[in-house]
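Report on one structure; see the data block that follows.
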Amino acid sequence: MSEQLIVSQSQGGSSTPGARPAAGCLMVIFGASGDLTKRLLMPALYNLACDQLLPSGFAVIGMAKDEWTTAEFRERMARDLKEFSTRPQFNQEVCDEFVARLHYTPGKFDDPPAYARLAELVERLDGEQGADGNLLFYMATPPVVFGMISSHLVQAGFQKRERGWQRVIVEKPFGHDLASAIALNREILKHWREDQIYRIDHYLGKETVQNILAFRFSNGIFEPLWNKHFVDHIQFTVSESVGVEGRGNYYERSGVLRDMIQNHMFQMLAYVCMEPPSSFQPNAIRDGKARLLEAIRIMKPEEVEHYCVRGQYGPGRKPDGTPVTEYRKERDVNPQSMTETFAALKLFIDNWRWEGVPIYLRSGKSLWKRGTEIIVEFKKAPEVIFRGTAVDHLDTNRLIFHIQPDQGIELRFHTKVPGPTLQLQPVNMRFSYGEAFRAGRGTGYEVLIYNCMIGDATLFSRTDLVETAWRIAQPIMDGWEARKPADFPNYAAGSWGPQASRLLIERDGRKWTEIINREVLMKVPLFQSCDPILLNVLVMLLKPVGFAAGKLIIQKGDTGQEMYLICRGEVEVLDANDQPIAKLKDGDYFGEMSLLLAQPRTASIRAVTSCDLFVLEKAGFAKALDDHPQFAKAVLETARKRYQVAVPG
Ligand code: BG6
């Protein structure tokens, strides 16, 4: 999970503007010896301590099966905090104070005496700390034990306590399908009231996700455009460059639909598309989300193949070139696995606002880059009014929410290129969190834990939200279960995903917007010496295109309209008899000659493997050559060497 911005103004200094420390409470973590505790919960609590948002009456009690003492727990957490802290400077003083509030009681989750010991410890610390009887239980455990832990807490008399509040945070996965989610909800609701249950979706802890609502409902200019009359479609992409990273056991039973789409992506979708709430009260927001999710059209079995694409990665390479083994060879993965590591969906929202506006979602592991983006693509302006000018086509306007790792918002539009004739170039207006705020980095869990402590459930899911989200995913899972994929693995690790994902959107006359950032461009040798202005221009001008193995990319004799850069893949240059005479790979480029010499293509180029390419169109190429001498020099040098021809210098 990524680091998130937390609005902390200084290291150990003033706290978040407008926020006060929560009221005193004890936090009991079940599963305290696990990864989640050390990697995320402890760093998040430490960040809250640095920002003076932890209550003065506060202590953590860790419980897990490991036979640790409190001293050992403290020692381990202090060590792990140093490793996993997200702050640029480590504040030893705050850390020491925080670690002194940690306690541990060993116990198996099915062992009644362990809960009796826990109850005693709670009683003692409550008195010592002045926690007012408030208790926050954090289930950092697999969901199968939520019910068991809850019923042992009841038996140990916790619910008979008369002072303070009791809340429970439960971690994902919340169910495996609709039936198990309903069963889990029932189980938990046997022991807790709905207003005591805080179901975590860590995407809702991300500043950039929370900002979607703030952006939509605090700026008057966008709401009037936010509907089927102005929006052509919306794209959601969560691309991960990592594979399953040793989590094969879990992932095999999950797949990307359950792991990312049904929860994190549907939550973002609800934020982007919900109706304006009547207030920012937790239930007003959650009601709005629930209504939106209810309006998503449930797929019929025969529609699944048409509207959904799934993929699984084969061998390939990471963006930095290191080899990646195929999914089926990962640890704890079935060598014949049919689990999808990639999925793309096309959904519709059947309501007044969004009728007929397609919503495209895609997510996958082992893709070419890490990046979460939401793109609201508006309808095109009429091209026809530019007839008789040099403008032959218009791009659409796009509003882009950069969720991570870039964090910001961008609006893309056209502008006139300076000069005597009317020529247009796409440009962007961009807000970047890093530039606008002096913000620290957090885990994303700070805001969730803090909100639970203050009793604000806005960022947490609800019984109806969870079940509605499963209701949308269930027919897709059923459809996929009924028809096993014949083509797995169907995308190379490090690529842009399966070809079918492109077709899903391209058959509607649209394209996925691949957000290219400077980091990606810097991996292409040609751009390594380019100045930042050119990189910014290229980020806007380069368009992604994919070719299947064996496809002809350039045909000899055609008029050259663009040059290509190989992001990933291999192509071959063919002679007059269609015989290969050279091969080009990742980072190479081709097609520039006919642009340089304004001549027809001198050779054909064919994809050897499936290829992900960037296209730079003629006008952009000419502009880059004119305005950026370094770029022109590099291109001309290569052309001279590669083709031994004289090109205009
Ligand atoms: C988790 C999934 O919920 O989210 C992981 O189980 C995934 O598979 C992770 O990698 C992504 O989180 P983030 O915050 O890094 O986008």
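Note that ligands are numbered from 1 as they come in the structure, with each ligand's atoms numbered from 1 the same way. Basis for what follows: all heavy atoms, side chains included, without hydrogens, waters or symmetry-related copies. In this text the structure is predicted, and so the values were computed from the model without any measurement.
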Asn428 versus Glu410, side-chain donor and acceptor atoms under 3.5 Å:
yes
So, regarding Thr372 and ligand 1 (criterion: nitrogen or oxygen to nitrogen or oxygen, under 3.5 Å), is there a contact or not?
no
With atoms numbered from 1 as shown, which atoms in ligand 1 lie under 4.0 angstrom from a non-hydrogen atom of Lys206?
13 (P), 14 (O), 16 (O)
If we number the atoms of ligand 1 from 1 as shown, the ones under 4.0 Å from a heavy atom of Asp259 are 2 (C), 5 (C), 6 (O), 8 (O)
Going by distance only, is there an N or O of Lys365 that falls short of 3.5 Å from an N or O of ligand 1?
yes
Distance from Thr37 atom OG1 to Leu102 atom CG, nearest 0.5 Å?
10.5 Å
Only heavy atoms count here, so choose which of Glu171, Gln404, Glu240 is nearest to atom 7 (C) of ligand 1.
Glu240
Asn334-Arg328 side chain donor-acceptor pair, cut-off 3.5 Å:
no
Between Arg483 (side chain only) and Gly479 (backbone N and O only), is there a donor and an acceptor less than 3.5 Å apart?
no
Within ligand 1, which atoms have a heavy atom of Lys172 less than 4.0 Å away?
1 (C), 2 (C), 3 (O), 6 (O)
State if His202 counts as touching ligand 1 under the rule of any non-hydrogen atom under 4.0 Å.
yes
Value rounded to 0.5 Å, distance of CE in Met338 from CH2 in Trp480
14.0 Å
State yes or no: are the ring centers of Phe614 and Trp496 separated by less than 6.0 Å?
yes
Which part of Tyr203 is near ligand 1, with near meaning a heavy atom under 4.0 Å away: side chain, backbone, both or neither?
side chain
